[in-house]
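Have a look at the structure below, then the notes.
Since we're looking at a predicted model, the values are computed, not measured.
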Amino acid sequence: MICHRIPEIENVQRILGTLPRDQIDRALASIAHFKEKMSPPTNFSEAAFRKIDNEIWELRVATLGEERARQRSAEDGKRSPVEIY
């Protein structure tokens, strides 16, 4: 994934331009085949999100105890470079 590394886009485009057309066609066919197998996501709702979020919190508390569960890790927010934008 290069979405968060803008300077890499030109590099990736250059590399892709060197690939044989049949290799690109096979990759595109593979992606299309994968998409055919996919099912649509379940409908999103704020209530469903809150329920899952609460279940995760309860699991965190059950695992760490409430005091430690409330502590934020120094790594929080560093899981994806996209999060800094």
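Judged as a side-chain hydrogen bond (donor to acceptor under 3.5 Å, both in side chains), and not counting sequence neighbours, the contacts of N54 are E58. Residues passing the side-chain hydrogen bond (donor to acceptor under 3.5 Å, both in side chains) test with N43, sequence neighbours excluded: none. Remark: E36 engages H33 in a side-chain contact (heavy atoms from CB on, under 4.5 Å) (not counting sequence neighbours). A search for side-chain contact (heavy atoms from CB on, under 4.5 Å) contacts involving Q13 returns nothing, not counting sequence neighbours. Partners of I31 according to the side-chain contact (heavy atoms from CB on, under 4.5 Å) rule, which considers only residues two or more places apart in sequence or in another chain, are K35. In this structure E55 satisfies the side-chain hydrogen bond (donor to acceptor under 3.5 Å, both in side chains) test together with K51, sequence neighbours excluded. With sequence neighbours excluded, the residues that form a side-chain contact (heavy atoms from CB on, under 4.5 Å) with S45 are A47, A48. Partners of R68 by side-chain hydrogen bond (donor to acceptor under 3.5 Å, both in side chains), not counting sequence neighbours: none found.
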R14 vs E10, salt bridge (Lys or Arg N to Asp or Glu O under 4.0 Å): CA-CA, chis, key distance, verdict: CA-CA 6 Å; R14 182 185 54 74; E10 289 178 351; over 6 Å; no
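Salt-bridge check for R70 with E66: passed, with a basic side-chain N closer than 4.0 Å to an acidic carboxylate O.
Listed by chain and number, the hydrophobic cluster partners of I52 are I56, where partners are ILVMFWY side chains within reach of under 4.5 Å, directly or through others. Under the 4.5 angstrom side-chain criterion for Ile, Leu, Val, Met, Phe, Trp and Tyr, I15 has no cluster partners at all. When hydrophobic side chains of Ile, Leu, Val, Met, Phe, Trp and Tyr are connected at separations under 4.5 Å, M38 ends up clustered with F34.
Linking ILVMFWY residues whenever their side-chain heavy atoms come closer than 4.5 Å, directly or via other members, leaves V61 and L64 in distinct clusters.
Listed by first and then second residue, the salt bridge (charged side-chain N to carboxylate O under 4.0 Å, His left out) pairs that reach into residues 24-34 are R21-D25, D22-R26, sequence neighbours excluded.
Nearest approach of I24 to L16, heavy atoms of both residues: CD1-O, 3.8 Å.
Within a 6.0 Å radius of CD in E67, no more than 12 heavy atoms belonging to other residues, nucleotides or ligands are found.
Residue R60 holds its CZ atom at 9.0 Å from OG1 of T63, rounded to the nearest 0.5 Å.
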